[in-house]
Amino acid sequence: MPRLVLLRHGESEWNQQNLFTGWWDAALTPLGESQATAAGHLMADHDVRADIVHTSLQTRAIRTVELALFAQGRSWIPVRRHWRLNERHYGDLTGRNKAETAARYGADQVKVWRRSYDVPPPPIEPDNAFNPNHDERYAQVPTDELPLTECLADVVARLLPYWEDAIAPDLRAGRTVLIGAHGNSLRALVKHLDAISEADIVELNIPTGEPLVYDLDDDLRPLADTAVEERYLRGPEEIRAAADAVARQAEDG
């Protein structure tokens, strides 16, 4: 039976500083590292053992998976990385303080950029000191596919080819697949798996460091018609509290 485990990275330094992070490569905080290790122990306690891992190219997701696997004694399993699992590109908001951005552009405008399904922030400017697009890890990305900004709809569109070409074959081979990624790239995947509407997906928050487990049928659809919050290894009440904390911070990661 194919099994898919989604794990959002632990708290990053820019999460802690309330900055729009997107494609910038922020490291985990000590709390983020402890969240990652706890996720690994939780997976071990529930006998959820990944056979292969897919991550983004961003250190916070990579490090979260490394710590989670080490906690389970499974650091040896194969790992694949791809930019299509990256966080949403926040355009010229990258590196800006969220509260200061709301004061500059208005809280209503920032809410539209953050939470609407199909309205991206302004494209990143060449003089933005935190422009990640020239990072050598993205030299492989075709110029016409390298985003300057993204909304959630864009993340869905760029993630699904990787799902079909790389993740789905591992699942069809009967493997348990762990994906270490980000709030928005994981929301994009959850939207696809649970056929969530555009209106409803923008209200969904993915807590940091909480394993989200899907048991899938041969068509890679969820076996159980269950609310997302009931698919986590922790109980729904704990997950609701963790998701509410993410919502208060402003979804980004």
Side-chain angles (χ1 to χ4, degrees), residues 1-9 22-23 25 43 48-66 68-69 74-90 117-118 120 132-198 201 204 206 211-223 228 231 253:
M1 179 178 64
R3 172 171 276 189
L4 178 65
V5 185
L6 309 182
L7 181 61
R8 182 184 175 187
H9 67 80
W23 277 37
D25 200 37
M43 290 172 65
V48 175
R49 294 180 293 177
D51 300 310
I52 191 165
V53 175
H54 294 259
T55 78
S56 71
L57 299 185
Q58 299 182 272
T59 301
R60 57 194 184 272
I62 293 169
R63 183 62 175 152
T64 293
V65 165
E66 288 175 342
L69 291 176
R74 297 187 70 77
S75 298
W76 51 270
I77 68 173
V79 178
R80 299 172 184 170
R81 313 195 195 286
H82 204 280
W83 68 272
R84 289 185 182 274
L85 292 174
N86 271 22
E87 176 57 293
R88 168 188 173 186
H89 196 306
Y90 264 90
Y117 183 71
D118 56 4
N133 288 34
H134 302 299
D135 190 304
E136 64 178 329
R137 77 193 73 192
Y138 303 126
Q140 62 177 302
V141 183
T143 303
D144 61 345
E145 295 183 9
L146 187 66
L148 298 177
T149 186
E150 289 180 309
C151 57
L152 184 55
D154 296 322
V155 180
V156 172
R158 55 108 153 145
L159 182 145
L160 288 181
Y162 187 74
W163 164 261
E164 295 293 345
D165 295 343
I167 300 170
D170 284 336
L171 290 166
R172 291 193 177 101
R175 298 185 178 101
T176 295
V177 176
L178 171 62
I179 298 180
H182 308 264
N184 285 291
S185 51
L186 293 179
R187 281 203 298 164
L189 191 48
V190 168
K191 181 185 188 305
H192 172 70
L193 290 167
D194 283 315
I196 298 174
S197 71
E198 296 176 6
I201 194 62
L204 178 72
I206 306 288
L212 172 58
V213 179
Y214 283 83
D215 290 321
L216 305 171
D217 62 20
D218 291 341
D219 295 322
L220 304 186
R221 309 309 304 177
L223 285 173
V228 174
R231 299 188 189 279

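In what follows, residues are counted from 1 in the order of the sequence shown.
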List for me each residue that meets salt bridge (Lys or Arg N to Asp or Glu O under 4.0 Å) alongside [X], sequence neighbours excluded, and say none if there are none.
| X | value |
| --- | --- |
| E145 | R84 |
| R63 | E66 |
| D118 | none |

Check: Any ion pair linking D135 and R137 (charged N to carboxylate O, less than 4.0 Å)?
Finding: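 Salt bridge between R137 and D135, a charged N being under 4.0 Å from a carboxylate O: yes.
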For [X], all residues meeting side-chain contact (heavy atoms from CB on, under 4.5 Å), sequence neighbours excluded:
| X | result |
| --- | --- |
| D144 | P142 |
| P2 | L171, L216, L220 |
| S197 | A199, D200 |
| R49 | D47, R74 |

Item checked: Y90 six-ring face occupied by R88 cation (under 6.0 Å, within 45°) ->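 Because its charged atom sits under 6.0 Å from the ring centre and within 45° of the axis, R88 does stack over Y90.
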Under the side-chain hydrogen bond (donor to acceptor under 3.5 Å, both in side chains) test, residues paired with [X] that sit two or more places apart:
| X | value |
| --- | --- |
| S56 | H182 |
| D165 | none |
| H89 | N133 |
| W83 | none |

Check: With Y117, which residues qualify under ring pair (Phe, Tyr, Trp, His ring centres under 6.0 Å), at least two apart?
Finding: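 Result, ring pair (Phe, Tyr, Trp, His ring centres under 6.0 Å) vs Y117: none returned.
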Checklist line | Check against side chain to side chain donor-acceptor pair (under 3.5 Å), E87 and N184 | finding: CA-CA 6 Å; E87 176 57 293; N184 285 291; 3.2 Å; yes
Notebook entry, point to check: Does a sphere of radius 6.0 Å around CG in D217 hold more than 12 heavy atoms from other residues, nucleotides or ligands, not counting ones at 6.0 Å or beyond?
Noted result: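 Check passes, neighbour count above 12.
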